[in-house]
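Naming convention: chains lettered A, B, ... in sequence-line order (proteins, then strands); numbering from 1 in each chain.
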2 protein chains.
Amino acid sequence: MSNSEKGPVREAPVSLTECGAALAIEQVPDRWTWLILREMFYGVSRFADIQTDIGIPKSVLSGRLAQIVENGLAKKEAYRDGSARTRYAYVLTQKGRELAPVILALMQWGDKHIKDGESALSLTDKRTGNPVKIGIVPKGGALPLRWLNYTPVDQPSDVKDG
Amino acid sequence: MSNSEKGPVREAPVSLTECGAALAIEQVPDRWTWLILREMFYGVSRFADIQTDIGIPKSVLSGRLAQIVENGLAKKEAYRDGSARTRYAYVLTQKGRELAPVILALMQWGDKHIKDGESALSLTDKRTGNPVKIGIVPKGGALPLRWLNYTPVDQPSDVKDG
DNA sequence: TTTTCTGAGTTTGACATTTGAACTCTGCTC
DNA sequence: GAGCAGAGTTCAAATGTCAAACTCAGAAAA
């Protein structure tokens, strides 16, 4: 990033109430909320599945899901597993889905700086199969989210795409 | 995003310990840490400046800064304001600076979904002056961070760039 | 020399949140 | 009508947060 270098900066040029980043942080304020959203990106949508996958206490999960729904990041949808009674799944809304670049940027950063360059998920352009990443692009130059394809790299898993 | 749609996903394809995003979240786990990093991106580096800018209790700031330094996101640098005694500033390392795409993606999302499209910061390509954004790009197609220029949009502020 | 000032903390004690375990509620299926 | 399972709620203990008061270092003023 860049600004003029005349003396130390004594305050942010954009206040907390006007800064999109600060406002976004209010809606995704903590570790658990991030991890829950990560699960939802992967398509994990049920209370118990999320709970065991990330090891969150049920009481906390319950509260976080309520916030997530209230903020419009996900919605509670009825589903029926076989002939069992109606249950609920939490699925991302458009607003929630559009957090994907944030999560992916986070992943890219973690892969580079914590995993020393090893990535557990490969991202490609669904049409061409070419690898993609998150980065700075001229306005209008980004690929739409719906062209993004992801495949786990290493461990034999059940999610795959074609 | 995309995966095959045969039944609900019951667990994430990438475990917490292998997922770059999950590992990244461990290093930036909460609201305060995000807000502190936001300050540092803007160049605010002094304890007292960060403290009053985001309204964090000193005791919490002290702890968070220690974590941030320990995780290698920033380093504590001596500085001397005029002839006064040596003091310390917290400045981002390369690792910390490379969180920029995450913060900017967050900002972009907040501007779109919380501020209804109004942005307080305009991002441009430093060489051409053309507007840029964060998005999905073919590998190798992203602009390097050092070409990024940001200018506060509206409020008469002291940070400017040319 | 002693005092004052200021940035950068630490300490304190009241308050809030998180945790894990146990409990509840609901409506199928046996 | 008993058992079961998913999705919670409730509880007490541990942990974290907050605001205010206190400490510490060293330069400068008195």
Original post:
Pick from B:Leu123, B:Ile134, B:Leu121: which one makes a side chain to side chain contact (heavy atoms under 4.5 Å, CB included) with B:Met107?
Top reply: B:Leu121
Original post:
Is the side chain of A:Thr52 donor-acceptor paired with the backbone N or O of A:Ala48 at a distance under 3.5 Å, no angle test?
Top reply: yes
**OP:** Ignoring backbone atoms, establish whether A:Ser59 has a side-chain N or O less than 4.0 Å from OP1 or OP2 of C:dT18.
**Re:** no
Original post:
For B:Leu61 and D:dT17, what is the distance between atoms CG and P respectively, to the nearest whole Å?
Top reply: 12 Å
**OP:** Taking only the side-chain nitrogens and oxygens of B:Tyr90, find out if one of them lies under 4.0 Å from OP1 or OP2 of C:dG7.
**Re:** no
**OP:** With DNA chain C as reference, determine whether B:Phe47 or A:Asp30 sits nearer its 5' end, using the nearest nucleotide of each.
**Re:** B:Phe47
Original post:
Atom NZ of A:Lys58 to atom C1' of D:dT10: distance rounded to whole Å?
Top reply: 12 Å
Original post:
B:Arg80 CZ to C:dA8 C1': how many Å, rounded?
Top reply: 15 Å
Original post:
When all nucleic acid strands are considered with a 4.0 Å heavy-atom cut-off, which category describes A:Val60: base, sugar-phosphate, or nothing?
Top reply: base
**OP:** Determine the contact category for B:Arg31: base if any of its heavy atoms lies under 4.0 Å from a base atom, sugar-phosphate if only primed atoms, P, OP1 or OP2 are that close, otherwise nothing.
**Re:** nothing
Original post:
For the hydrophobic clusters of this structure (ILVMFWY residues joined by side-chain heavy atoms under 4.5 Å, transitively), does one cluster hold both B:Leu65 and B:Val60?
Top reply: yes
**OP:** Can you check whether any acceptor in the base of D:dA25 is under 3.5 Å from a donor in the side chain of B:Arg85, or vice versa?
**Re:** yes
Subject >> Whole-Å distance separating the CG atom of A:Leu35 from the C1' atom of C:dT19 >> reply: 16 Å
Original post:
If you pin A:Thr86 and A:Arg64 to their nearest nucleotides in DNA chain C, which one's is more 5'?
Top reply: A:Arg64
**OP:** Write down the distance between CD (A:Gln51) and C1' (D:dT9), rounded to a whole number of angstrom.
**Re:** 13 Å
Original post:
Quick one: is D:dC18 close enough that its OP1 or OP2 comes under 4.0 Å of any side-chain N or O from B:Trp32?
Top reply: yes
**OP:** Flag yes if A:Ile56 and B:Leu23 sit in one hydrophobic cluster, no otherwise; membership is Ile, Leu, Val, Met, Phe, Trp, Tyr, and two members link when side-chain heavy atoms are under 4.5 Å apart.
**Re:** yes
Subject >> For atom CD1 of B:Ile50 and atom P of C:dA8, their distance in whole Å >> reply: 9 Å
Original post:
To the nearest angstrom, how far is A:Lys76 atom NZ from D:dA7 atom C1'?
Top reply: 8 Å
Original post:
Taking atom C1' of C:dT6 as reference, at what distance in whole Å does atom OH of B:Tyr79 sit?
Top reply: 10 Å
Original post:
So which heavy atom on A:Thr86 is nearest to which on A:Ala78, and how close?
Top reply: CG2-CB, 3.7 Å
